[in-house]
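Written below as structure tokens is the structure these notes are about.
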Amino acid sequence: MSSNSSHRAESGDWCVYKFGGSSVGTPGRLPRVLSLISEARGPLAVVVSALGDTTDWLISAANAAARGDAAGSSAELTRVRSLAKTIASTVLEGAVLTAHEKTVEQLLAPIERLLTGVELTRECTPATLDEVLSVGERISSELVARALTARGIPALAVDARTFLVTDETAGSARVDIEASRARLTPLIPGWAGKVPVITGFIARSHQGRTTTLGRNGSDYTATLLSWLLGARQVTVWTDVPGVMTADPALVSDAYPVPRMTYAEALELAHFGTRMFHPRTMIPLLESGAALHIRGTTEPDAPGTRIDAEGNPDPHRPTSVTSLERLALLHVESLRPTLSEPLGPRVLQALEAARITVWGGTLSALAPSISLVVRQEEAQRAHAVLEAALRGECERREVRVPPPHAPVTLVTLVAESMGHRPNVAGRFFHALGNVGVNVRAILQGASSRSVSCAVDAEDTAVAVRTVHSAFNLNETEINVLLVGKGTVGGRLLAQLEENAKTLRARHGISLRLVALVDSRRALFEPRGVPPAEAHARLAEVSPSTVSPPDVRPLLDRLSRLSVPVLVDCTAADGMETLYAEAIRRGIHVVGANKKPLARPWKEYEGLHSLTRAHFRTWHYETTVGASLPVIETLKNLVRTGDRVERIEGCFSGSLGAICHALMKGLPLSQAVRTARANGYTEPHPRDDLSGLDVARKALILARELGLELELEDVAVEPLVPPEHLREEDPETFLRTLGSLDAEVSAQVARYREAGRSLRYLAQILPNAPGGPRVKVGPVAVDASHPATGLKGAEAMVSFFTERYREFPLIVRGAGAGGDVTAAGVLADILRLAQNVRGRR
Ligand code: ASP
Ligand code: MG
């Protein structure tokens with residue numbers, strides 16, 4: 001590569017590369033940086049930041065010194081020194097390394113002396129701090145230049161203080177572009193044949209003092225340099241693959257935006273994207289050079305191009321940003337007209353107190369005003385406003401309530417706002433849909449963005465919701481599945497079979513991200529192919545506790561779009577997990593009846609939790625597998641019908657057993673077959689005892705609003721209770737044989753009398769002595785609708801005011817892995833309908 005570096009500085013078309021602190025200061029990344037530089041074509045100037053967190057450590061060193069803490073100060077400096085050493089040793093060796101270490105010591109020595117001075121005087125002026133900070137970038141440029149030279153790419157460390165001229169403002173100096181150009185021009189010939197490696201962030205004032213351009217100022221150095229050199233392109237190499245559609249820490253589906261305008265980037269910088277130093281765009285607006293943001297670790301990804309034109313695609317993605325730790329202040333006018341408009345006075349008072357206003361609703365005509373300020377300035381701002389409006393407050397014309405904190409400013413930056421309808425509508429609709437309370441709608445400075453203040457705790461949900469409403473073509477549903485038995489296993493198969501069609505026909509992408517059983521937990525944020533899930537889970541080492549602690553998984557799940565916890569177990573205690581999930585904004589789909597049969601208080605508590613968090617808990621499969629029993633009942637209740645009686649055979653398993661008995665099979669045989677077909681609960685005792693049917697009856701009764709407990713259900717088991725004590729299912733099935741003869745004789749008597757054995761449930765909400773629910777075996781006559789049921793068929797009849805003469809009957813297969821799993825899947829898909837708004 002040294003071959004083309006010889007003409008680098010001569011040919012006119014400069015390129016500028018900037019590498020941030022993490023690109024140069026993370027062990028192992030520097031070689032990447034070096035090869036990116038060596039692969040560049042044409043004349044190239046490189047700007048570097050300080051290694052890693054060096055600047056932060058130097059600030060801490062200065063602060064410690066100013067407190068008189070010499071040990072603390074030198075400890076911070078030791079971190080700077082040792083990172084410099086570590087990184088150098090990854091790219092240099094032998095004599096070159098020794099020479100470099102000497103240079104580092106020479107750079108640090110005066111800084112150490114300066115810090116001693118600070119420690120003695122107990123004062124670190126902003127000017128002194130700038131001097132201290134400057135060493136970070138100087139170490140970095142020396143290192144990169146040496147490492148390039150050592151690889152045969154001639155390079156030169158350049159201290160930007162030799163040409164960047166600023167005013168005297170320490171900490172955030174203003175650049176004098178003409179003076180800088182005058183100093184730079186004579187230097188350029190000296191760069192011929194070499195790659196100049198220039199310090200970011202630092203400069204020198206007219207009076208010769210070291211200054212800095214503000215935190216993250218190296219980007220600004222890079223764009224300034226491009227302007228001075230007349231470069232067409234600046235590439236900022238960073239640790240993300242471009243400007244993202246949202247903060248990836250909040251939204252795992254965030255992706256890089258391919259193109260955007262300077263104006264959009266400015267808006268993003270203002271509203272929270274930490275990616276840009278606020279002044280980075282200024283030189284670009286002047287020169288028209290394009291800014292590329294690219295990932296050092298993903299150099300082949302296209303990254304983001306920022307220029308005057310932006311993205312011509314009308315359906316281009318948009319970015320959502322959040323600015324946290326803010327507070328909302330209100331000035332409420334209590335009189336319709338005030339002698340003098342409040343807006344200008346409020347702003348002037350805050351400006352005089354040097355309080356930054358991040359946004360607000362400042363209409364000249366509106367009587368009240370809302371303002372967003374930094375949280376740490378909120379109390380002061382409040383006091384300033386009270387003082388400025390004292391007269392009005394005393395006359396009770398104006399009220400300044402205490403600040404509302406903390407809030408987050410969520411902003412959608414969409415250049416397309418003016419060209420497409422309903423951008424703001426969709427923004428607020430999406431937020432409202434998930435229950436995010438919009439505290440204030442802020443009047444943006446432009447038509448490019450829409451923003452609002454939300455409660456700090458809603459930050460993640462708000463950002464994620466807006467992001468998926470605008471940037472995802474498909475509704476993506478992320479599933480954490482607990483239980484992989486009969487139902488869970490069939491659900492995995494159905495997820496696999498249906499994925500393609502769901503995506504192609506319905507725009508729904510169903511992702512299985514986690515699978516949990518009683519001993520293991522697997523989490524794959526990118527999704528596990530359902531067919532492989534079993535095998536993958538088996539590879540996970542078992543947890544020390546059973547069941548494994550799923551809460552950390554819920555935390556991760558809650559960061560994905562439309563997260564849902566799917567419970568395909570029949571386990572006890574799952575209600576605790578449901579509550580943890582709902583509190584994290586996760587929906588629940590359960591085939592498990594037990595959480596619905598908990599004491600009323602808990603049951604109601606869980607339901608109100610879902611309402612408070614605007615989440616759903618679907619459990620259609622808890623009664624009659626996927627038969628639409630609960631949905632039908634809900635609709636009857638919703639539409640004002642009065643339910644007089646619900647009756648039926650709720651259990652496919654008991655149905656199958658009764659049917660087999662009627663056909664002459666012995667009891668133990670009938671139960672075994674039902675179990676082998678996947679119709680029974682894991683322990684068939686739960687079916688034979690009537691407990692399972694009792695739970696179903698209770699679920700339906702509660703759906704009617706009846707505050708009943710499981711104990712209120714009168715249960716008569718199918719077999720006498722003394723036979724139901726055995727804990728082990730296998731032993732249980734064996735001992736059941738002792739009942740065979742007795743049961744068969746009984747069944748034979750029914751048959752002779754023209755009757756059939758059925759296990760019936762009955763709910764009478766308006767019974768004279770109060771609501772009654774009972775379940776038990778009944779010998780029904782031939783005219784009873786339950787007589788015709790075969791196999792695992794279930795049936796529920798609703799007798800209501802509207803359906804009095806002819807009940808509304810839901811009937812069909814009421815047990816089995818496949819139908820239950822299908823019902824669970826249907827419940828999951830219902831979520832997609834709810835979250836989908838108009839595009
Ligand atoms: N090193 C400086 C900072 O950390 C400048 C930069 O990284 O761009 O703020
Ligand atoms: Mg930095």
Could you tell me if the side chain of Val588 sits less than 4.5 Å from the side chain of Leu577, heavy atoms only?
no
Mind checking side chain to side chain donor-acceptor pair (under 3.5 Å) for Thr296 and listing every partner two or more places apart, or none if nothing turns up?
Ser23
Test salt bridge (charged side-chain N to carboxylate O under 4.0 Å, His left out) applied to Lys696 and Asp692, step by step
CA-CA 6 Å; Lys696 290 172 180 168; Asp692 188 60; 3.2 Å; yes
May I ask you to decide if Ala531's main-chain N or O and Glu496's side chain share a donor-acceptor pair within less than 3.5 Å?
yes
Treating Thr304 as the side-chain partner and Val257 as the backbone partner, does any N or O pair qualify as donor plus acceptor under 3.5 Å?
yes
For Asp455 and Glu457, indicate whether the former's side chain and the latter's backbone hold a donor-acceptor pair under 3.5 Å.
no
Partners passing ring pair (Phe, Tyr, Trp, His ring centres under 6.0 Å) against His270 (at least two apart in sequence or in another chain)
Trp358
Taking atom OG1 of Thr569 and atom NZ of Lys484, what is their separation to the nearest 0.5 Å?
12.5 Å
Among residues at least two apart in sequence or on other chains, which ones pass ring pair (Phe, Tyr, Trp, His ring centres under 6.0 Å) with His683?
Phe732
Within the distance-only criterion (no hydrogens, no angle test), does the side chain of Arg374 pair as donor or acceptor with the backbone N or O of Arg325 below 3.5 angstrom?
no
Under the criterion side chain to side chain contact (heavy atoms under 4.5 Å, CB included), which of Thr621, Leu491, Thr622 is the partner of Thr820?
Thr621
Do Leu515 and Val528 come close enough that some side-chain heavy atom pair is under 4.5 Å?
no
Residues Arg611, Glu604: salt bridge by 4.0 Å N-O rule:
yes
Non-hydrogen side-chain atoms of Leu553 and Leu480 separated by less than 4.5 Å
yes
Residues Lys601, Glu707: salt bridge by 4.0 Å N-O rule:
no
Set of salt bridge (charged side-chain N to carboxylate O under 4.0 Å, His left out) partners for Arg695, sequence neighbours left out
none
Does the Arg702 side chain pair with the main chain of Leu596, one donor and one acceptor, at a distance under 3.5 Å?
yes
Residue pairs involving residues 618-638 (criterion salt bridge (Lys or Arg N to Asp or Glu O under 4.0 Å); sequence neighbours excluded):
Glu631-Arg638, Glu631-Arg830, Lys634-Glu703
Measure from the side-chain N and O atoms of His618 to the backbone N and O of Val589, and report whether any donor-acceptor pair falls under 3.5 Å.
no
Given Ile586 and Arg615, is the side chain to side chain contact (heavy atoms under 4.5 Å, CB included) satisfied, shown in steps?
CA-CA 7 Å; Ile586 299 170; Arg615 299 296 99 170; 5.8 Å; no
Please name all residues satisfying side chain to side chain contact (heavy atoms under 4.5 Å, CB included) with Ala822, sequence neighbours left out, ordered by chain then number.
Gln494
Any ring-ring contact (aromatic ring centres under 6.0 Å, His included) involving residues 547-578? Give me the pairs, sequence neighbours left out, ordered by first then second residue.
Tyr578-Trp617
Sorted by chain and number, sequence neighbours left out, side chain to side chain donor-acceptor pair (under 3.5 Å) with Asp687 holds for Ser653
Heavy-atom distance under 4.5 Å between the side chains of Leu268 and Met260, does that happen here?
yes
The complete set of salt bridge (Lys or Arg N to Asp or Glu O under 4.0 Å) pairs with one or both residues in residues 458-471, sequence neighbours excluded, reads none
Got Leu704 and Ile646 here, is their nearest side-chain heavy-atom distance under 4.5 Å?
yes
Residues which pass side chain to side chain contact (heavy atoms under 4.5 Å, CB included) with Val438, listed by chain and number, not counting sequence neighbours
Phe428, Leu431, Ile441, Cys452
Would you call the rings of His467 and Tyr255 parallel, tilted or perpendicular if under 30° counts as parallel and over 60° as perpendicular?
perpendicular
Please tell me if the side chains of Leu627 and Val796 come closer than 4.5 Å, counting only heavy atoms from C-beta onward.
no
Can you name the side chain to side chain donor-acceptor pair (under 3.5 Å) partners of Arg598, sequence neighbours left out?
Glu575, Glu602
Tell me which one of Asp712, Leu710, Val713 satisfies side chain to side chain contact (heavy atoms under 4.5 Å, CB included) with Val773.
Val713
Check: Asn478 side chain, Leu557 main-chain N or O, donor-acceptor pair, under 3.5 Å
no
Count the heavy atoms of every other residue, nucleotide or ligand shown that sit under 6.0 Å from CZ of Arg519, and state whether that count exceeds 12.
no
Taking side chain to side chain donor-acceptor pair (under 3.5 Å) as the test, write out the residues that go with Thr501, two or more places apart.
none
Would you say the side chain of Leu323 lies within less than 4.5 Å of the side chain of Thr411, judging by non-hydrogen atoms?
no
Derivation and outcome, side chain to side chain contact (heavy atoms under 4.5 Å, CB included), residues Leu633 and Leu700
CA-CA 8 Å; Leu633 178 54; Leu700 294 188; 4.0 Å; yes
Are any non-hydrogen side-chain atoms of Lys594 and Met574 less than 4.5 angstrom apart?
no
